[in-house]
Number of protein chains: 2
Amino acid sequence: MSAPEFKAPPTIGSAAMLGDCATLLQGYPDQCVDLIVTSPPYADQRASTYGGIRPDDYVAWFLPRSEQFLRVLKPTGSFVLNIKEKAVNGERHTYVLELILALRKQGWLWTEEYIWHKKNCFPGKWPNRFRDAWERCLHFTRQRQFKMNQQAVMVPTGDWAQTRLKSLGKNDVVRYDSQVGNAFAKNIANWQGREMAYPTNVLHLATECGNKQHSAAFPLALPQWFIKLFTDEGDVVLDPFAGSGTTLQAAVELKRHAIGIDVAQEYVDMCREILAPVQGRTMEPRTPYVTQRSRKTVRPESDRCGLSQQAPGES
Amino acid sequence: MSAPEFKAPPTIGSAAMLGDCATLLQGYPDQCVDLIVTSPPYADQRASTYGGIRPDDYVAWFLPRSEQFLRVLKPTGSFVLNIKEKAVNGERHTYVLELILALRKQGWLWTEEYIWHKKNCFPGKWPNRFRDAWERCLHFTRQRQFKMNQQAVMVPTGDWAQTRLKSLGKNDVVRYDSQVGNAFAKNIANWQGREMAYPTNVLHLATECGNKQHSAAFPLALPQWFIKLFTDEGDVVLDPFAGSGTTLQAAVELKRHAIGIDVAQEYVDMCREILAPVQGRTMEPRTPYVTQRSRKTVRPESDRCGLSQQAPGES
DNA sequence: GGGAGCTATGAATCCGCAC
DNA sequence: CGTGCGGATTCATAGCTCC
C-alpha cells in the first residue's frame, strides 16, 4: 500500500532479519518477491515468540501480514502457505478455512491446495482420531497466470520406476544422477520422452527426524519442491516466518535469493549461519559449495523431492 | 424435525429407495442410523441427475438434506462426506469450505478430515495446476463421544508387509482370506504378535476403473474402511446419494444393514441387485455368499483397504 | 500358469469457438 | 460480453490376450 522511500538494489541479496514481518516488510518495495514459502506459527503454538495466537484470533492476526505479502509479491508470483488446523476440544478448528476465505477477500486467488503427506508422522493414540499424517500447502496467487515451471519437478513414471529402474543397479542410478546434475529431470524428459511424468498435487515427503537440534517446521524437500516449481534461478524467495531457516537453505541451494524474517533472535542467528556462505555474493556460485556448519554438503540440487514424491509402490 | 408416524421395525432391513433424500428421509424416525457414508453429486455446471447444482448454490442445496441426516443419525453415529471442490475459472471454488462452516452452524461437529489419496487420478496437463490426486473425507459427528472401533482397521506394520506378506503369493493371500473370513486382520495379528499398527488419517486407495459398466464414485475399500471403523455388525448404514451402490455393497459384505437412496431409477435398480441376496434377511448370513450379478464373489471382508492403506515404501 | 504387452477408461481442467 | 459445448491433453490401473 504505502510507497516506501527505500528502493531495492538492482539485485536483492540474501538476508535474514529480526523483527515482525508485519512491520518489517513495510520497508520493502512493491513487487520485489517471486515466491513466498512459509509455515507460520500455528495457532496456540510458539507461545513465547508470537504471543500464542488463539485460534479465534488467528485470522485477524494473519491478515495485516498477508497484506504485506500481497504487496511485495510480483504479479506472477506465488504464495505457498503450509498450515494445519489444530483439534480444539475434540473438533477441528475452522480458522484455516476462515483464513482461506479472508485471504480471497483480501485479493488473493486460492489457486490450489497441495497435500503434504507426512510419511512418518508423529506417533500417538487418541480415542476419537488417528494420527494426523497430512498438512495443507495452500497455493495463493495474484493472477490466474503465474510462473510455473512444471518440468522442473517431473518424476519418473510408474512403469519406469517399477520396471526400468529396478533393472538398473542402484549405483548406476546414483552415478547417472550426479553426472547430469540438476538438469536431471529436464534432460530425461527430452531424451526419454514419456518416461517422465508430471507429479500430482499430493507430495509424499518424510519429516526429517535427524540429529538437528531443533525441529524444522517442514522437511527441506518441501520448500525445495515449491521453489523449483515457482521460481527460476536468481529469483527472490521470502519466508516471513523463517524459523530455523529451512526455506532459506532450500533457496540458497537452488541459487535463489533468500530473505528470511523472524521475531526471535535465536532463529535469525540460525538463518544467518545458513546464509553466511552467500552473503554479498552476486549469486553465481561454483558448485558444490559447503556451508560452515555441520549441515550436509550443499549440493546444487539432489532432486530429493522428485524421487521422494514418487507414488508409493504396491505391496 | 417432524415426528413421523412411521415407526421403524425392531430391525431395519436393507433397502434401496427411489427419491430425493431431502423428502424421503422425513419418513424415517429420529436416531435410527449408525453411520452415513456418502459421496454426493459434486457441484457441476452440467445438468445431470440432480439438475447440475451450481457451485454458488451448493450449500443451500445441501443443508436441507444434511438437516435430515442430523435427525436420523444416532447421537453416537458418524457422517462421512466424500467431496472435492472443483476448479472454477482457474481457482479452487470455496463451496466445500463454506459447507463445512454451514454444517457446524447446523449443529454438526467437524471432528476430522481424512484424506483419500487417489493413486490413479485422472490424467491431464494444465498450465496452472497438476493432476488432482486427493479428495476430502469429512468426518462429522453429533457428539464428541462417538462409536469408533479403531482396532477394526489396524494395518500390518511396514516390516511385516514388506517381508512376510510379499513372500506369500497373491492367491495364497486370497485363499487365506476367504478361509478365515473377516477375521483376517485379527488372525494376522495373532500370528505376528504385535506387528499391527493403527492407521493414519490418510488413505491410499486407487479408484476402481477398467471394464465396469458404470463408474463407482469411490472404490469399495473406502466405505469399507469407514464402516468397519464406525459401526458394528448389525448396525445401520445409510447412503443418501447411493449411486451405483458401492456403500451398500460394502455394508452388506460387512453384515451391516444398508439403506440406499437415489433419485435415478437406474441407480436404484443397481442398488437393489446388490441388496437382493440379503433382502428380508435377519442379517445372520453364512459366508461366503455371492451376488447374482457378475460382480466378484462377495467375500465377507478382504481387508483390501487395510493392505492398500499401507504406507508407501521408500525408494 | 505366470509374465509381458496391449487397450480401455476414469467425480479433470483449460481453452477456443459458437451463440 | 456471459454462457456453454467440444477438443486436446494425460497416466495409473484392471483386465484381457498371447506365448
Side-chain angles (χ1 to χ4, degrees), chain A residues 109 111-113 144-146 148 150-151 154-164 166-167 189 192-202 204 309-315, chain B residues 38-50 52-56 58 81-93 95-96 116-137 169-172 174 204-223 239 241-244 246-247 262 264 267 294-296 304 308 312:
Chain A
L109 298 178
T111 297
E112 181 59 304
E113 179 170 346
R144 293 187 165 76
Q145 308 273 358
F146 52 88
M148 190 177 192
Q150 301 194 351
Q151 263 197 330
M154 290 184 84
V155 294
T157 57
D159 284 340
W160 190 74
Q162 284 168 17
T163 61
R164 188 73 170 259
K166 274 183 182 171
S167 66
Q192 304 287 338
R194 305 195 39 86
E195 298 193 339
M196 299 291 287
Y198 293 102
T200 69
N201 58 0
V202 176
H204 294 271
Q309 212 224 342
Q310 185 50 229
E314 285 292 20
S315 62
Chain B
T38 195
S39 191
Y42 295 1
D44 204 343
Q45 315 256 358
R46 296 180 191 174
S48 61
T49 51
Y50 277 89
I53 310 110
R54 306 287 283 252
D56 291 341
Y58 197 81
L81 182 62
N82 167 230
I83 196 168
K84 182 63 187 272
E85 56 268 32
K86 301 246 171 216
V88 176
N89 200 12
E91 195 184 6
R92 286 283 167 202
H93 202 281
Y95 61 89
V96 174
W116 169 27
H117 170 40
K118 295 187 283 187
K119 300 172 64 172
N120 57 339
C121 58
F122 201 91
K125 185 186 183 308
W126 310 275
N128 57 345
R129 67 184 65 253
F130 287 134
R131 289 170 293 145
D132 192 3
W134 64 277
E135 294 191 11
R136 306 177 196 278
C137 292
K170 206 169 191 175
N171 287 337
D172 294 325
V174 171
H204 293 271
L205 303 174
T207 57
E208 288 174 355
C209 59
N211 56 3
K212 288 176 73 173
Q213 302 214 341
H214 41 269
S215 63
F218 44 55
L220 188 60
L222 193 71
D239 187 344
F241 310 101
S244 57
T246 309
T247 298
D262 206 281
Y267 283 129
S294 63
R295 289 193 178 230
K296 310 178 195 77
R304 251 168 281 195
S308 302

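Convention: sequence-line order gives letters A, B, ...; per-chain numbering from 1. Just so we're clear, the structure is a prediction, and the values are computed from it rather than from any experiment.
Rounded to an integer number of Å, the gap from CZ of B:Arg131 to C1' of D:dT9 is 12 Å. Distance, A:Met154 CE to D:dT9 P: 15 Å, rounded to whole Å. Following rounding to the nearest Å, B:Asp132 (CG) and C:dA11 (C1') show an atom-to-atom distance of 10 Å. For the pair B:Glu85 CD and C:dA12 P, the interatomic distance rounds to 14 Å; values are reported in whole Å. Straight-line distance from the OH atom of A:Tyr198 to the C1' atom of C:dA12: 17 Å, rounded to whole Å. Atom C1' of nucleotide C:dC15 and atom CG of B:Asn89 are separated by 12 Å, given to the nearest angstrom. Atom C1' of nucleotide C:dA12 and atom CD of A:Glu113 are separated by 17 Å, given to the nearest angstrom.
Using a 4.0 Å cut-off, some side-chain N or O of B:Arg92 falls inside it from OP1 or OP2 of C:dT13. In this model, the phosphate group of C:dT13 is not approached by any side-chain N or O of B:Asn128 to a distance below 4.0 Å at OP1 or OP2.
Taking a pair as Watson-Crick or G-U wobble with both distances under 3.5 Å, the runs of three or more consecutive pairs in DNA chain D are C:2-10 with D:11-19, C:12-19 with D:2-9.
Between C:dT13, C:dA11, D:dT9, one nucleotide has an atom nearer to the side chain of B:Lys125 than all others, and that is D:dT9. Distance from the side chain of B:Arg54 is smallest for D:dG4 among the nucleotides D:dG4, D:dC11, D:dA12. With C:dC14, C:dC15, C:dA11 as the choices, the nucleotide that has an atom nearest any side-chain atom of A:Gln145 turns out to be C:dC15. In this structure, the nucleotide among D:dT13, C:dA11, C:dC14 sitting nearest to the side chain of B:Trp126 is C:dC14. Side-chain atoms of B:Arg129 lie closest to C:dC14 of the nucleotides C:dA11, D:dC11, C:dC14. Of the candidates C:dA12, C:dC15, D:dT13, the closest approach to any side-chain atom of B:Lys119 belongs to D:dT13. For B:Pro127, the side-chain atoms get nearest to C:dC14 when compared with the rest of D:dC11, C:dC14, C:dA11. For B:Thr207, the listed nucleotide lying nearest its side chain is C:dA11; candidates were C:dA11, D:dC11, C:dC15. Of all nucleotides listed (C:dA11, D:dC11, D:dT13), C:dA11 comes nearest to the side chain of B:Glu135.
Annotation: side-chain contact (heavy atoms from CB on, under 4.5 Å) contacts of A:Tyr198 (sequence neighbours excluded): A:Gln150, A:Gln151, A:Met154, B:Lys125, B:Phe130. Qualifying side-chain contact (heavy atoms from CB on, under 4.5 Å) partners for B:Ala87, counting only residues two or more places apart in sequence or in other chains: B:Arg92, B:Arg129. Checked against side chain to side chain donor-acceptor pair (under 3.5 Å), B:Lys86 has no partners two or more places apart in sequence or in another chain. For B:Arg136, the side chain to side chain donor-acceptor pair (under 3.5 Å) criterion is met by A:Glu113, B:Glu85, B:Glu113, not counting sequence neighbours. The side chain to side chain donor-acceptor pair (under 3.5 Å) test applied to A:Gln145 returns no partner, not counting sequence neighbours.
One P atom belongs to C:dA11, the other to D:dG15, and the distance between them is 15 Å to the nearest Å. For the C1' atoms, the distance from D:dT9 to C:dG10 is 15 Å, rounded to whole Å.
Between the side chain of A:Thr157 and the base of D:dA12 there is no donor-acceptor pair of N/O atoms closer than 3.5 Å.
With a 4.5 Å cut-off on side-chain heavy atoms, B:Ile83 and B:Tyr42 count as touching.
Without hydrogens or angle criteria, B:Lys84 side chain to B:Trp134 main chain gives a donor-acceptor distance under 3.5 Å. Side-chain N or O atoms of B:Asp239 include none that pairs as donor or acceptor with a backbone N or O of B:Thr38 at under 3.5 Å.
DNA chain C is contacted by both B:Ala87 and B:Pro40; B:Pro40 maps to the nucleotide lying nearer its 5′ end (nearest heavy atom per residue). Each of B:Glu91 and B:Cys121 has a nearest nucleotide on DNA chain C; the 5'-most of these lies closest to B:Cys121.
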